[in-house]
Structures are given as structure tokens and as C-alpha cells.
Amino acid sequence: LQHAIFAPHEGLNSNGKSVYYDTGGTTYNTNSANDKPIRACLVAGLYPNVVQLKYPKQKPGMPNKPLAYTRPEDDRVAIHPSGVNFSEKAFPSPFLVYYEKVETTNVFLRDTTMVDIFPLLFFGNNVTIENGAIHLDAWLHVACDDKTAALLRELKAELDKLLQQKIDNPTMDLNKGSQHVVKAIVTLLKDDHMMQEKSFAQHTRGGGSDKDWLHQDDAELHKREPRGR
């Protein structure tokens with residue numbers, strides 16, 4: 001979008017409201033101060049372009065920058081030096097989505113954005129429940145009780161049904177009859193940290209497997225959230 005196109009329309013209308021605001025109305029600005037739905041939309045559009053971050057033990061005095069591994073392949077990659085997340089040392093969530101993967105001197109990721117667990121569960125492919133955990137595409141495993149897991153699976157099914165209805169009928173008004181599904185999902189996206197510390201990712205090396213608990217034991221993780229791109 002070019003600023004010059006919208007410049008003539010800037011300012012306030014006769015009621016003192018922004019012209020931009022009126023083009024969408026209050027309904028479209030309900031979550032204007034919440035970036036979690038935006039990150040969820042990126043997951044919906046970019047999945048399965050996901051990497052998991054791990055923090056290896058370093059020698060005293062050495063920087064503890066995270067290492068990135070693709071999922072589910074478990075290939076080690078790196079954030080491109082031109083990306084704004086390249087200099088980040090810690091992330092509140094151990095997952096990033098990316099737009100592009102390129103190989104030069106290394107395999108680099110471009111346009112990365114940190115995302116949480118719930119968007120992955122809602123917009124990933126196959127979700128199953130087994131042994132007190134939700135399993136996504138055989139690589140992400142979120143520990144929770146069976147009742148909670150079943151509710152999340154049913155909510156995902158309702159979301160899938162709603163999206164299909166919207167695709168079949170683009171003029172469908174999501175605020176009529178289905179607003180409760182959208183509100184429930186947005187609420188869960190805001191409270192994603194409740195399950196963050198209960199999750200772990202399983203990956204396979206050399207025919208065996210090991211489980212790495214995703215941890216947030218460094219206070220630096222909560223200082224600030226990395227930006228997108």
C-alpha cells in the first residue's frame with residue numbers, strides 16, 4: 001500500500017473519527033491492540049514453514065543465542081543476518097514461522113515471526129489426542145488433560161468448518177451465528193502462555209528419538225517480544 005494513494009483521505013470526518021477507522025468500522029478494529037490474531041494469520045498462511053528454537057548449554061561468558069531447527073525434518077537453519085530477529089538472544093516462544101528459506105553460505109530463513117502454540121494447533125494439519133497430550137503432525141506435543149485436549153480439538157473442528165463455509169460463501173457474515181467461535185479462539189490466543197511451559201517437541205535422530213522440554217527459565221525471555229520479519 002502506498003501512502004500517496006491514501007494521503008488525500010487522511011484526517012478526521014465530521015464526527016471527529018479517523019477516515020481509515022470508518023472504512024472498516026468498530027467491528028474490524030476490535031483486536032487492533034492485540035497482535036496475537038495477526039501472528040495466528042501468519043501461521044495459517046505459512047504453515048508448515050515452522051522452526052523450533054533451542055538453547056544449547058554454552059561455556060561461561062559465551063552468548064546463549066538460540067539454534068533453529070526445521071519441523072518436522074530437524075534440519076538446522078539460521079535466521080538471515082538482514083532479518084530483525086537475527087540479533088535477538090531470547091524469545092518468549094520457541095517457535096518461528098518463516099516466509100522463505102534460501103541457501104548460500106548456510107541455509108537461512110527470511111521474514112521470520114515468533115508465534116505461540118495455539119495458532120499452530122488451530123492452523124496445523126493433523127491433530128490427535130493420546131497419552132494425556134495433543135499431538136500435531138507427529139512433532140509438536142502439548143501436555144494437557146484429556147478434557148482440555150478434546151475441547152481444543154472440537155474448537156479446531158468448528159474453526160475448520162467456519163473457514164470452509166466462508167470459502168464457499170464469501171459474503172457470509174462471520175458476526176452472525178458464528179461470532180462465539182471467533183471470540184473463543186481469540187481469547188485462547190491471548191492466553192497462550194498458559195500452555196507454553198507444558199509443551200515439548202519430539203524429534204528423531206539416527207533412528208532413535210528424544211524429547212526436549214521447551215523451557216522459559218530465563219527472565220530475559222519476558223523482557224520484550226521480538227518483532228515480525
Side-chain angles (χ1 to χ4, degrees), residues 1-3 5-6 10 17-53 66 68 70-71 79-80 82-88 90-101 109-125 127 136-137 140 142 152 155-156 158-167 170 172-175 178-197 199 214 216 221-229:
L1 297 178
Q2 298 181 10
H3 180 267
I5 297 177
F6 291 94
E10 287 184 350
K17 294 183 179 180
S18 166
V19 174
Y20 294 145
Y21 187 85
D22 280 355
T23 58
T26 56
T27 299
Y28 296 96
N29 287 274
T30 302
N31 295 291
S32 59
N34 176 21
D35 70 348
K36 294 295 183 73
I38 301 298
R39 294 175 186 268
C41 289
L42 289 175
V43 174
L46 296 175
Y47 192 89
N49 290 4
V50 182
V51 294
Q52 179 198 347
L53 302 175
T70 59
R71 289 293 174 239
I79 298 174
H80 197 276
S82 64
V84 297
N85 283 328
F86 174 74
S87 59
E88 295 291 340
F91 295 80
S93 170
F95 303 108
L96 302 177
V97 291
Y98 62 92
Y99 175 70
E100 185 179 28
K101 182 166 59 175
L109 306 179
R110 294 182 181 273
D111 301 324
T112 61
T113 299
M114 187 200 74
V115 296
D116 296 316
I117 291 175
F118 276 133
L120 294 173
L121 294 177
F122 285 131
F123 297 107
N125 294 327
V127 174
L136 171 63
D137 294 336
L140 176 62
V142 183
L152 287 174
L155 188 56
K156 174 178 169 56
E158 288 297 318
L159 175 61
D160 291 342
K161 184 190 305 182
L162 180 60
L163 291 175
Q164 187 60 53
Q165 291 174 349
K166 183 64 175 178
I167 292 173
M172 173 184 173
D173 188 353
L174 295 178
N175 292 312
S178 56
Q179 193 174 18
H180 62 287
V181 176
V182 177
K183 284 186 175 180
I185 292 174
V186 171
T187 299
L188 286 174
L189 293 177
K190 290 180 180 179
D191 295 334
D192 188 84
H193 65 279
M194 294 172 62
M195 294 185 69
Q196 191 74 51
E197 295 181 355
S199 67
L214 307 178
Q216 296 186 40
L221 296 181
H222 303 283
K223 288 183 179 178
R224 62 188 178 96
E225 288 205 356
R227 298 160 286 179
R229 301 181 67 82

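These values consider heavy atoms only, across backbone and side chains, with no hydrogens, waters or symmetry-generated copies.
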S.K.: Out of Asp137, Leu120, Thr70, which one pairs with Val50 under the side-chain contact (heavy atoms from CB on, under 4.5 Å) rule?
M.R.: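 Per the side-chain contact (heavy atoms from CB on, under 4.5 Å) rule, the option paired with Val50 is Leu120, out of Asp137, Leu120, Thr70.
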S.K.: Hey, could you give me the CG/NE2 distance between Leu155 and His180, rounded to the nearest 0.5 Å?
M.R.: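 These two atoms lie 9.0 Å from each other.
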S.K.: If the threshold is 4.0 Å, N to carboxylate O, is there a salt bridge linking Asp116 and Arg39?
M.R.: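 Salt bridge: no.
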S.K.: Could you tell me if the side chain of Tyr47 sits less than 4.5 Å from the side chain of Val97, heavy atoms only?
M.R.: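 The answer is no, as the side chains (C-beta and beyond) never meet within the 4.5 Å cut-off.
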S.K.: For Ser178 and Glu158: C-alpha separation, side-chain torsions, deciding distance, then whether side chain to side chain contact (heavy atoms under 4.5 Å, CB included) applies.
M.R.: CA-CA 9 Å; Ser178 56; Glu158 288 297 318; over 6 Å; no
S.K.: Say you draw a straight line from CD1 of Ile117 to CG of Leu140; how long is it, rounded to the nearest 0.5 Å?
M.R.: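 It is 6.0 Å, given to the nearest 0.5 Å.
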S.K.: Go through it in stages, so that I can follow the logic: the residues are Phe95 and Val43, the test is side chain to side chain contact (heavy atoms under 4.5 Å, CB included), and I'd like the CA-CA distance, side-chain angles, deciding distance and then a yes or no.
M.R.: CA-CA 11 Å; Phe95 303 108; Val43 174; over 6 Å; no
S.K.: State, with a plain yes or no, whether a side-chain heavy atom of Leu189 is found less than 4.5 Å away from one of Asn34.
M.R.: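 Counting from C-beta outward, Leu189 and Asn34 never come under 4.5 Å.
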S.K.: Is any side-chain heavy atom of Leu188 less than 4.5 Å from a side-chain heavy atom of Leu152?
M.R.: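 In contact.
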S.K.: Is there a side chain to side chain contact (heavy atoms under 4.5 Å, CB included) between Phe122 and Val127? Walk through the geometry before answering.
M.R.: CA-CA 9 Å; Phe122 285 131; Val127 174; over 6 Å; no
S.K.: Does the side chain of Phe123 reach to within under 4.5 Å of the side chain of Leu163, using non-hydrogen atoms?
M.R.: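 Side chain of Phe123 against side chain of Leu163, heavy atoms only: contact under 4.5 Å found.
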S.K.: Using a 3.5 Å distance criterion without hydrogens, assess whether the side chain of Ser93 forms a donor-acceptor pair with backbone atoms of Val115.
M.R.: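 Flag set: sc Ser93 to bb Val115 pair under 3.5 Å.
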S.K.: With a 4.5 Å cut-off on side-chain heavy atoms, are Pro66 and Glu88 touching?
M.R.: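 They are not in side-chain contact.
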S.K.: Got a donor-acceptor contact below 3.5 angstrom from the Lys156 side chain to the Gly124 backbone?
M.R.: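 Yes: the side chain of Lys156 pairs with the backbone of Gly124.
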S.K.: Can you tell me how far CG of Leu159 sits from NZ of Lys161, rounded to the nearest 0.5 angstrom?
M.R.: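 One finds 11.5 Å between NZ of Lys161 and CG of Leu159.
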S.K.: Looking at CG of Leu46 and OG1 of Thr113, how far apart are the two atoms once the value is rounded to the nearest 0.5 Å?
M.R.: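 Between atom CG of Leu46 and atom OG1 of Thr113 there are 7.5 Å.
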S.K.: Measure from the side-chain N and O atoms of Lys166 to the backbone N and O of Met172, and report whether any donor-acceptor pair falls under 3.5 Å.
M.R.: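 Yes; judged by distance alone, with no hydrogens or angles, the pair exists.
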S.K.: Hey, does Leu42 have a side-chain heavy atom less than 4.5 Å from the side chain of Tyr99?
M.R.: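 No; the side chains remain at least 4.5 Å from each other.
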S.K.: For a 4.5 angstrom cut-off between non-hydrogen side-chain atoms, does Ile79 reach Leu96?
M.R.: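 Of all side-chain heavy-atom pairs linking Leu96 with Ile79, at least one is under 4.5 Å.
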S.K.: Would the distance check show the side chain of Asn85 and the main-chain N or O of Thr112 forming a donor-acceptor pair, the cut-off being under 3.5 Å?
M.R.: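 Yes.
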